[in-house]
There are 2 protein chains.
Amino acid sequence: MGQRLNGGYMPRSYFGDVRQLHLFSEMTEDSYEQLMRGSYVQNFPPQIDMIHEGESSDFLHVVLSGAVELYASWNGRETSMDIVRPISTFILAATIKDAPYLMSARTIEKSRIALIPSQDVRAAFDADNDFARAIVTELAQCYRTVVKTHKDVKLRTSLERLANYLLRQQVRAGGADKFDLPFEKRVLSSLLGMTPENLSRAFKSLIPYGVVVDGRAIHIQSPSDLREFAKPSPLIDDRGSITVGGTVGET
Amino acid sequence: MGQRLNGGYMPRSYFGDVRQLHLFSEMTEDSYEQLMRGSYVQNFPPQIDMIHEGESSDFLHVVLSGAVELYASWNGRETSMDIVRPISTFILAATIKDAPYLMSARTIEKSRIALIPSQDVRAAFDADNDFARAIVTELAQCYRTVVKTHKDVKLRTSLERLANYLLRQQVRAGGADKFDLPFEKRVLSSLLGMTPENLSRAFKSLIPYGVVVDGRAIHIQSPSDLREFAKPSPLIDDRGSITVGGTVGET
DNA sequence: CACGCGACTTGATATTTGTCAACCGTTCGA
DNA sequence: TCGAACGGTTGACAAATATCAAGTCGCGTG
């Protein structure tokens, strides 16, 4: 699935957004300059494989626009691990540890990605104390998100995971009772750890709780009924919602 | 399950082992002294609840001896998330972020635990650059371990998880073809995301691959057969093996 | 416009996993 | 020493989930 793509160097001005990330905002101007010197921005069409698990981590990636699917494979099977949306980094841990990627990454939409050489990140980590501290915050955040995801999978049935996912999306949509799924249902099914067929049936099972689905359009007719069934917990479902400029909310 | 326990202050000399952890070995003598000033060591009998998910993180915990089970609950269900063995910290991410615990912790054996006030850890994090960097390494390690665990659950059946678990334990046992399970089977079943009944049957299903079980004693008669079935992958199964003094091996 | 492709759905069926109840064997304490 | 408690096992059954095959629908292209 997906193919590789080369080329696409962009002017330096495109890095503007990167500086707004908490990870980089605390850096000295010096080390930020140093870090961006070897970096570049690439535009990717949808469905392009950018990195593959097992490879060594040459670049820290920053999603500037679009969306990237992190996925993993084993023995001919494949599962979606996370969807990364702007503005966020991915594979930070592999970069810092200079260890192989544990996940593969592909675009699921047309995306603009900043690529920062891993060795430069590690150099900045050694040289800039504030940058090192920012990385701690970022990693702790990532760690807690994975733990929550893992709890989700181990403690809930697929139907419960879907119900809680919809409630989380509703929060993201500002509490509106109507919103669109942010990607294809087959991606969602893999993210939730189920088959597309199972997801399709799960949506039907949520009709009694006031969930109406039309294509990607979701209508939560009775949030209270859905919440009563889903029993969302802040210790599983409060995922850091991202706004430009940093992370918002407890995580 | 388990009860709370108070008291049990110990003399300072008991902290010796803590200094050997990579997390603390790089600290300045000053900040280490500062950090240990408010810390103490407690002895816990088995099956004692030490922390509960949702509580605020008052202490960073270090397992000096024994074993601690990290587990999570939701809606009346419970699952084992990880077993922490000496010498390792747990709930570092919650401590750093000053956020609620995502997991509960109980001893599964008689254990000696060092308790370091979270606010002191955060103060040391602010004051000591090398300590901040050590935390990065530790968190990146933890993050990658959870990702591997998550891949294990999403990509494998329970039988495959058991087979690979046994192979990992064999490595821990120095490659010996006979070793003991490090804890009760019901804990193992929860850790692997299955019921005790299912685990019992899974062991039987591995007989054709040369796995002989007698109580906690495991005999891998034909490692090659088991490996052929389990198909272990470094990107899932290479978990950092801990030795006194630091982490060993790629993770 | 018709065609084909891809995403999604639906039905039938199989596999995996969980639940419930009964039972075995060991341990530990009255 | 007896027996209750507990961990583990087993069997019968139920629920959750996956698989396979055949659709439907919408959309973009030749």
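Just the heavy atoms: all of them, side chains too, but no hydrogens, waters or symmetry mates, feed the values below.
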Student: Taking N or O atoms only and anything under 3.5 Å, show me the protein contacts with nucleotides 25-28 of chain D, one pair per line.
Tutor:
none

Student: List for me each residue that meets salt bridge (Lys or Arg N to Asp or Glu O under 4.0 Å) alongside A/E197, sequence neighbours excluded, and say none if there are none.
Tutor: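 For A/E197, no residue satisfies salt bridge (Lys or Arg N to Asp or Glu O under 4.0 Å) once neighbours in sequence are set aside.
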
Student: Could you give the side-chain donor-acceptor pairs of residues 188-196 of chain B under 3.5 Å, partners two or more places apart or in another chain?
Tutor:
residue: B/S189; atom: OG; partner: B/R186; partner atom: O; Å: 2.7
residue: B/S190; atom: OG; partner: B/S80; partner atom: N; Å: 2.7
residue: B/T195; atom: OG1; partner: B/N198; partner atom: N; Å: 3.2

Student: Could you note down all residue pairs passing salt bridge (charged side-chain N to carboxylate O under 4.0 Å, His left out) where residues 61-73 of chain B supplies at least one of them, sequence neighbours left out?
Tutor: B/E69-B/R106

Student: Can a side-chain donor-acceptor contact be found between A/Y101 and A/D58 if the only test is distance below 3.5 angstrom?
Tutor: no

Student: Roughly, in whole Å, what's the span from NZ in B/K154 to C1' in C/dT16?
Tutor: 18 Å

Student: Measure from CZ on A/R77 to C1' on D/dT19 and round the result to the nearest Å.
Tutor: 13 Å

Student: I need the residues from residues 193-209 of chain B with at least one non-hydrogen atom less than 4.0 Å from DNA chain D; give them sorted by number, or say none.
Tutor: B/E197, B/S200, B/R201, B/K204

Student: A/D82: which residues meet the salt bridge (Lys or Arg N to Asp or Glu O under 4.0 Å) condition with it, sequence neighbours left out?
Tutor: none

Student: To the nearest Å, give me how far apart CG (B/D214) and P (D/dG7) are.
Tutor: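 Result: 19 Å.
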
Student: Who are the salt bridge (Lys or Arg N to Asp or Glu O under 4.0 Å) partners of A/R168, not counting sequence neighbours?
Tutor: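 In terms of salt bridge (Lys or Arg N to Asp or Glu O under 4.0 Å), with neighbours along the sequence ignored, A/R168 is linked to A/D237.
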
Student: Apply ring-ring contact (aromatic ring centres under 6.0 Å, His included) to B/F59 and list each qualifying residue two or more places apart in sequence or on a separate chain.
Tutor: B/Y40

Student: Measure the distance from CG on A/L162 to P on D/dA16 and round it to the nearest whole Å.
Tutor: 15 Å

Student: Over how many whole Å does the gap from B/R216 atom CZ to D/dT9 atom C1' extend?
Tutor: 17 Å

Student: From D/dG8, C/dC8, C/dT17, pick the nucleotide closest to the side chain of A/E184?
Tutor: C/dC8

Student: OP1 or OP2 of C/dT16 less than 4.0 angstrom from a side-chain nitrogen or oxygen of B/T157, does that happen here?
Tutor: no

Student: In this structure, how many angstroms lie between the C1' atom of C/dA7 and the CG atom of A/L181, rounded?
Tutor: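 Distance check: A/L181 CG to C/dA7 C1' gives 13 Å.
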
Student: In whole angstroms, how far is the P atom of D/dA18 from the CD atom of A/E78?
Tutor: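 The answer, rounded to whole Å, is 15 Å.
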
Student: Name all pairs fulfilling the salt bridge (charged side-chain N to carboxylate O under 4.0 Å, His left out) condition that reach into residues 207-228 of chain B, sequence neighbours left out, sorted by first residue then second.
Tutor: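 Matches after skipping sequence neighbours: none remain.
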
Student: B/I108 CD1 to D/dC6 P: how many Å, rounded?
Tutor: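 Result: 18 Å.
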
Student: Whether the side chain of A/S111 engages the backbone of A/E109 through a donor-acceptor N/O pair (distance < 3.5 Å, no angle test) should be reported.
Tutor: yes

